[in-house]
**Q** 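This is the structure I want to talk about, given as structure tokens.
Each ligand, and each atom within it, is numbered from 1 in the order the structure gives. Note that the structure is a prediction, hence the values are computed from the model and not measured.
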Amino acid sequence: MNSELLYEGKAKQIYATEDPEIVIVHYKDDASAYNGIKRAQITNKGVLNNKISSIIYSQLADAGIKTHFIQRLDDRNQLCRKVDVIPIEFIVRNYAAGSMAARLGIEEGTKLPTTIFECCYKNEELDDPIINEHHAVALGLSTYEEMAEVHKIVERINELLIPLFAKLDVILVDFKTEFGRLEDGTLVLSDELSPDTCRLWDVETQDSLDKDRFRRDLGRVGEAYQEILNRLMKL
Ligand code: TMP
């Protein structure tokens, strides 16, 4: 790519365009877990996540969710609005799994009686600690008003994604979102929604069709991502 590289993360690169308010998001095949301790390349992961996330973001936009996504350009690249990223991961859980199941001693797969919302401060040195809105405000990451607005939006996203995945015979166990602010301050969903950032279980078999296949060495990682894309394309 000829454009200026503005930022490189674990799974994506951000490139400048001629318009200072628009960037190209480039999806790589690099996978990492446990705060970068486990790393690998998963052939074609970037292509699959780019396509999966583009479909999901388009559906969310059609339902009125404001996002950074403009359009998918090709196999690995998306055109997106440039955002000032809020360094908080907003996690939504419908079933106990992963870190919450371990932390609270709840059996993985237990349906939660209420939707759980968690925030993590994106800070690798601190291992992305779990925080609440008071910490977010005290750390200067956000305001109470903005945290409340994000909460409402992620709740709505969950309400939209549960039935979307149900149509694919997939249970949306949990997922992570990130938000950013446009130049004019508008809050928008940013980053991606893909098997890298969601736990997706097959309704019939309860098989993981997501990054847990990489985290837990379950094998057939790329095949699981491809399966999610195949089902999404049939919608
Ligand atoms: P967790 O159970 O490991 O806290 O993960 C909850 C959800 O958030 C799960 O769908 C995976 C996703 N997630 C990310 O996308 N990025 C991360 O850095 C972490 C920790 C979780």
Side-chain angles (χ1 to χ4, degrees), residues 7-12 25 27-40 42 45-46 48-50 52-53 56-57 60 67-68 85-112 114-132 135-136 141 150-151 153-155 157-158 160-162 164-166 168 170-180 189-202 206-218 221 224-225 228:
Y7 171 81
E8 175 142 22
K10 289 178 195 135
K12 294 191 281 296
V25 178
Y27 283 68
K28 304 189 286 181
D29 286 345
D30 302 61
S32 73
Y34 310 117
N35 208 3
I37 293 169
K38 187 177 166 84
R39 284 173 193 272
I42 298 167
K45 177 175 82 83
L48 294 165
N49 279 351
N50 179 27
I52 292 167
S53 195
I56 296 174
Y57 271 59
L60 291 176
T67 85
H68 73 152
V85 177
I86 302 171
I88 299 175
E89 294 184 334
F90 298 92
I91 293 167
V92 182
R93 300 180 187 271
N94 297 308
Y95 291 77
S99 71
M100 195 194 89
R103 193 172 66 249
L104 301 182
I106 305 173
E107 192 184 344
E108 191 153 82
T110 307
K111 171 108 181 71
L112 297 163
T114 176
T115 312
I116 304 271
F117 299 91
E118 284 174 7
C119 301
C120 292
Y121 176 26
K122 276 169 65 85
N123 183 320
E124 259 184 51
E125 271 174 41
L126 300 175
D127 217 3
D128 296 347
I130 198 162
I131 59 170
N132 64 28
H135 299 107
L141 309 177
V150 172
H151 183 112
I153 302 169
V154 288
E155 201 167 15
I157 292 171
N158 191 40
L160 293 164
L161 292 186
I162 290 174
L164 188 148
F165 281 110
L168 315 181
V170 166
I171 299 169
L172 178 63
V173 173
D174 58 30
F175 62 98
K176 186 255 321 185
T177 55
E178 296 187 24
F179 284 80
L189 176 68
S190 58
D191 197 52
E192 68 180 284
L193 279 162
S194 72
D196 266 11
T197 63
C198 304
R199 280 199 175 88
L200 305 169
W201 292 358
D202 181 80
Q206 308 284 300
D207 265 1
S208 292
L209 298 173
D210 57 57
K211 195 172 162 184
D212 272 348
R213 302 206 70 81
F214 166 68
R215 295 187 190 97
R216 303 177 184 189
D217 294 320
L218 300 175
V221 185
Y225 285 50
I228 292 294

**Q** Write down, by chain and number, every protein residue that brings a non-hydrogen atom to less than 4.0 Å from an atom of ligand 1.
**A** E89, I91, R93, A97, G98, S99, D174, F175, K176, D196, T197, C198, R199, R215
**Q** For S208, does its backbone N or O pair with a side-chain atom of R213 as donor and acceptor, under 3.5 Å?
**A** yes
**Q** Check whether the side chains of D128 and N35 place a donor and an acceptor atom closer than 3.5 Å, and report yes or no.
**A** no
**Q** In terms of relative ring orientation, are F90 and F179 parallel, tilted or perpendicular, with 30° and 60° separating the classes?
**A**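 Because their plane-to-plane angle is over 60°, the rings of F90 and F179 count as perpendicular.
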**Q** Report yes or no: is the cationic atom of K45 (NZ for Lys, CZ for Arg) under 6.0 Å from the centre of the six-membered ring of Y225, at an angle within 45° of the ring normal?
**A** no
**Q** In sequence, state the C-alpha distance, the side-chain angles, and the governing distance for Y27 and S53, and then conclude on side-chain contact (heavy atoms from CB on, under 4.5 Å).
**A** CA-CA 10 Å; Y27 283 68; S53 195; 3.8 Å; yes
**Q** Main chain of P87, side chain of E178: is a donor-acceptor contact present, judged purely on distance under 3.5 Å?
**A** no
